[in-house]
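Note sheet for the following structure.
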Amino acid sequence: MLPVEENVSPSNLPPRQSTNARRAPWRRAVAALAVLSTALLAVWIVSAWARTRAVAQLAESSHHVLSLVAETLRGELAKHESTPFLISQNPRITRILTGSPPSDAEIQTANEDLERLARVTDASDLYLMNTTGTTIAASNWSDPRSFIGENFSYRPYFTEAMKGRLGRYFALGTTSGERGYYFAHPVFDGRYVVGVAVVKLRVGDLEAAWRAVDHTILVVDDDGVIFLSSEPGWVMRTMKPLDPEARARISQQRRYGAAEISPLGLDHRTVTEIGHAVIALAPPPASPSAKPASYLVQQRAMPDAGWTIQILSRMDGVATAVNTAAALTLATLAALLLAASNIYLRRRRLADRMALQRSITAELERRVAERTDELTQINVRLEGEVAERKRAEMELRHTQGELIQASKLAALGQMSAGLSHELNQPLAAIRSYAENARAFLDRERFETVRTNLGAIDELTQRMASIIRHLRTYARKEPTTVRPTSVNRAIDESLGLLQRRIADDDATITIETPDHEVLAIAGDVRLQQVLVNLIANALDAMRTTPRRDVAISVTETTDWVTIAVKDTGPGIAPGDLGNVFDPFFTTKDVGAGLGLGLSITYGIVQQFGGNISASNAPGGGAEFVVTLKAAAVPIESAA
Ligand code: ADP
C-alpha cells in the first residue's frame, strides 16, 4: 500500500532562522548609530540653515527700521539746523549784541521775535548769548525758568560757535531737565564773533513713536550713554561701565546734569554671526525673574549728530524658527525612517516568504523524489509480481489443463466397465459370426457366409465408432476457444454414456432448435462438461423411481443456454453454494472426488461463459450453462 500523503506546510518544515536573528547584534547597533548620527547631523545642518536664514530675515527687517529711524532723526535735526544761522542774520535780533548796550525795549523785541520764531519752527527754545556765554534774549523770556541771565559757556556748542563754526550738541537741559539737541551759530559783526544764536529742540518726543515698533531703538553717545531709547528705563544708562575720564568730561560739560549714569548690566557676547553682534541681556531690574533675552544688534553712526543709533531685535523668533525647522526635520526623518523601515520590513518579509517558498519547494521536491523512488521500487516490485502472477497463471492453466485431462481420464475409467461391455458384446458377436461363417463356408452356404460377413462389418463399424468417441474424448485439447457445435457435443456425450443410460434405465429427452447451434467453446471440453452434468444426474437418480434427464438448448443473438435437468432428489439448499468448490462431494468414499463440477466450472470460465446450479420447481437439480453465441458457423474439427 502506498504511504498516506503528507502535507508540506511551514509548520512541519524544519525550523529556520529568521533573517533578523541571523544578523549580528553589533551590526544592528552600528546601523542604529549610523541612523542616529545621520539624523543628528541632518537636524544640525537644517537648524544651522534655519538659524542663518531667520537671522538674515530679522537683520533685514530691523535694518529697514534702523534706516527709517536714522532718516527721521536726520530730518528732524536738519529741520532746525539752519535756524540759528537765520537768527544770526536777523538784524532785529542781533542788534542787541552790537554797538551800545541794548535797551530793555530792544531786548524785549528780540525776545518776542525769538518766541515767534520758536513757535513757527516748533523749536523748544531759541536764545541768544553774548561772548561770555550769558543768555541775553530767549524765546522762553516769559517762563519762570527762562534762560535769560543763565550762562552756558561750559557747553561745547558755545565754545564751538565762538570759534566761528556751527556748534552741535545734545544734553540734558540744565534748567528744564529735558533732553535736547542744540545747534549754535556764531553772530558776526564784521570779522568778529559777537555772540551765539542757539536753537534747542526737544528730542524726547520721538521715543513715543519708536515704542510702537517691535524693536528696541537706542541713541547712544560716543561714551556709550543711552540718550534716547524706546525702553524708558534704559535712558541715561550705559551699555558698558563708564571709564573715569569720560565720567569727568561728562560732569565738566554738565551734559547730563545730576542724572546718575549707571550701567545696564548687560551680558555682552559678541557672536561672529553673519557680521551681526548678538547681545545676551540680563533680566531687567524691574523683573529679575524674567528670562534673559538675546538680541540681534545693528547700529548706524551719525557722525554729524555725534551719536549712534542702535537697534536691538529680539532673537525669540529665530529660536522658534530653529526649533520648528528642527522639529520638522525630525518629523520628516521619522517619517522617512518609518517609510524606509516599512519598505525594509516588507522586503524582508517578502524575502522570508520567498525563502520559505524555496524551502517548501525544495522539501516538496525532496519528498517527490523520495516518493518517486518508492513508486519506482513499488513499480519494479509490481512488475515482478505481475510476471510472477503471469507465470503462476500459466502454471495454473497448465495444471488446470492437466486436471481437466486427468478428470476426463478418471471419468473414462469410471465408464470403462460399461465401455468394455460395449466393445465385448460386438466382439463376441463378431467371433460367433466368424465361426458360423467358417462352418457355413465348409458347407458351401456362401449366401449365409456373405450375410455373416456383412454383420461382422456392421459390428466392426460400430466398434470403430465407439473407439472414435473414446479417442476424441481422451484427446488433449488446447485451451483456446472457437465456434463449436452444441448438438454434436450432446450427441458425443450421450454416445459415451449410452451404456450407463441403458443400465440405469434412464430416459434422456433433448430439446434443441431445428438448426445446428454454435457456441464459443471447444469440442472435447464442452463434451466433458456435458458428460459431467449428465453423469451427475444419473448418479443422483440412482435411488429414485423416475429417472429422466432433460437436456434443452435455447439461444438468443448473444447467448446459448444448455440446461440439464433431472428428476433426482435435488441439491440440499445448504450445499447449493458449495457444489462448484473443489473436493466438495456428498457421495460415498470412493464414489466421488468432488472435482467434477469444479473442473466443469473452470472449463465454462475458459469459454467466457457461466454455469449455475439450482433446484427445479418440480423437484430435481438443474444445471444451466450459458455460452457466448458464435456468429460465424465454422466446421469444427473432431
Ligand atoms: P462428485 O460427483 O465426485 O461428488 P461433483 O463435483 O461432480 O463431484 O459433484 C459434487 C456434488 O454435487 C455431488 O457430490 C453432489 O452432492 C452434488 N450434485 C452434483 N450433481 C447433482 C445432481 N444432479 N443432483 C443432486 N446433487 C448433485
Side-chain angles (χ1 to χ4, degrees), residues 396 399-419 473-474 489-490 492-494 496-511 524-553 561-607 609-626:
L396 189 68
T399 313
Q400 223 171 23
E402 292 292 312
L403 199 60
I404 291 168
Q405 189 61 11
S407 105
K408 204 165 60 179
L409 294 178
L412 271 180
Q414 274 179 353
M415 289 187 286
S416 63
L419 284 169
Y473 190 65
I490 294 171
E492 291 283 335
S493 31
L494 288 175
L496 280 170
L497 292 164
Q498 200 179 9
R499 186 72 245 160
R500 263 278 323 253
I501 294 163
D503 288 349
D504 288 1
D505 196 15
T507 316
I508 309 288
T509 40
I510 304 166
E511 231 181 279
V524 182
R525 282 167 295 165
L526 184 54
Q527 207 177 312
Q528 192 178 350
V529 166
L530 290 167
V531 165
N532 278 347
L533 295 179
I534 297 164
N536 272 350
L538 292 172
D539 284 347
M541 294 187 300
R542 208 155 253 166
T543 53
T544 52
R546 216 181 117 210
R547 289 187 279 276
D548 296 335
V549 180
I551 303 167
S552 62
V553 178
T561 309
I562 308 162
V564 177
K565 195 170 87 175
D566 61 51
T567 52
I571 305 161
D575 294 341
L576 268 174
N578 305 325
V579 290
F580 294 108
D581 292 347
F583 303 110
F584 175 81
T585 181
T586 56
K587 291 171 191 170
D588 296 337
V589 181
L593 272 175
L595 284 174
L597 283 180
S598 136
I599 286 164
T600 301
Y601 184 87
I603 293 169
V604 175
Q605 289 291 311
Q606 273 183 4
F607 294 162
N610 200 16
I611 182 168
S612 67
S614 64
N615 285 314
E622 182 176 31
F623 287 84
V624 178
V625 176
T626 310

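In each ligand, atom 1 is the first atom listed, and ligand 1 is the first ligand listed.
- Residue, atom and distance of the protein heavy atom nearest to atom 20 (N) of ligand 1 are N536 CB, 3.3 Å.
- Of all heavy-atom pairs spanning L494 and I501, the tightest one is CD2-CD1, 3.9 Å.
- For the pair S598 and ligand 1, the shortest N or O to N or O distance does not fall below 3.5 Å.
- Between I490 and S493, the shortest heavy-atom contact is O-OG, 3.0 Å.
- Summary of contacts: the protein heavy atom closest to atom 21 (C) of ligand 1 is F623 CE1, 4.0 Å.
- Summarising the geometry of K565 relative to A616, their closest heavy-atom pair is CD-CB, 3.7 Å, with the distance given to 0.1 Å.
- Nearest non-hydrogen protein atom to atom 24 (N) of ligand 1 is A540 CB, 3.3 Å.
- For atom 2 (O) of ligand 1, the nearest protein heavy atom lies under 4.0 Å away.
- By the 4.5 Å heavy-atom criterion applied to side chains, F623 and I571 are counted as neighbours.
- At least one N or O atom of G594 sits closer than 3.5 Å to an N or O atom of ligand 1.
- Taking CG of L526 as the start and CZ of F607 as the end, the distance is 5.5 Å to the nearest 0.5 Å.
- Among protein heavy atoms, the minimum distance from atom 15 (C) of ligand 1 is reached at T586 OG1, 3.3 Å.
- Inter-residue side-chain proximity for I551 and I534 is flagged as met; some heavy-atom pair is nearer than 4.5 Å.
- Shown in contact with F584 at under 4.0 Å from a heavy atom are these atoms of ligand 1, numbered in order with element: 10 (C), 11 (C).
- Looking only at protein heavy atoms, the nearest one to atom 5 (P) of ligand 1 is L597 N, 3.7 Å.
- Ligand 1 has no atom lying under 4.0 Å from any heavy atom of F580.
- For R546, the CZ atom is loosely surrounded, since the number of other residues' heavy atoms within 6.0 Å does not exceed 12.
- Using a 4.0 Å cut-off to heavy atoms of I571, the atoms of ligand 1 that qualify are 25 (C), 26 (N).
- The contact set between ligand 1 and V579, taken as ligand atoms under 4.0 Å from a residue heavy atom, comprises 12 (O).
- Nearest approach of L576 to A613, heavy atoms of both residues: CD2-O, 3.7 Å.
- Set against the non-hydrogen atoms of A537, the atoms of ligand 1 under 4.0 Å away are 23 (N).
- Remark: minimum distance from atom 4 (O) of ligand 1 to any protein heavy atom is reached at T585 OG1, 2.5 Å.
- Among all non-hydrogen protein atoms, the one lying nearest atom 23 (N) of ligand 1 is D566 OD2, 2.8 Å.
- At a threshold of 4.0 Å, the pair R547-D504 does not count as salt-bridged, since none of the basic side-chain nitrogens sits closer than that to a carboxylate oxygen.
- Heavy-atom contacts of G570 reach the following atoms of ligand 1: 25 (C) (cutoff under 4.0 Å).
- Residue V564 forms a side chain to side chain contact (heavy atoms under 4.5 Å, CB included) with just one option from N532, L533, V624, and that option is L533.
- The proximity of T600 to ligand 1, defined as any non-hydrogen pair under 4.0 Å, does not occur for either the backbone or the side chain.
- Counting all heavy atoms, side chain and backbone alike, A537 lies closest to V549 at CB-CG2, 4.1 Å.
- Taking the six-membered ring where the residue is Trp, Y601 and F580 present tilted rings, their angle falling between 30° and 60°.
- Using a 4.0 Å heavy-atom cutoff, G568 is absent from the residues neighbouring ligand 1.
- Using a 4.0 Å cut-off to heavy atoms of A621, the atoms of ligand 1 that qualify are 22 (C), 23 (N), 24 (N).
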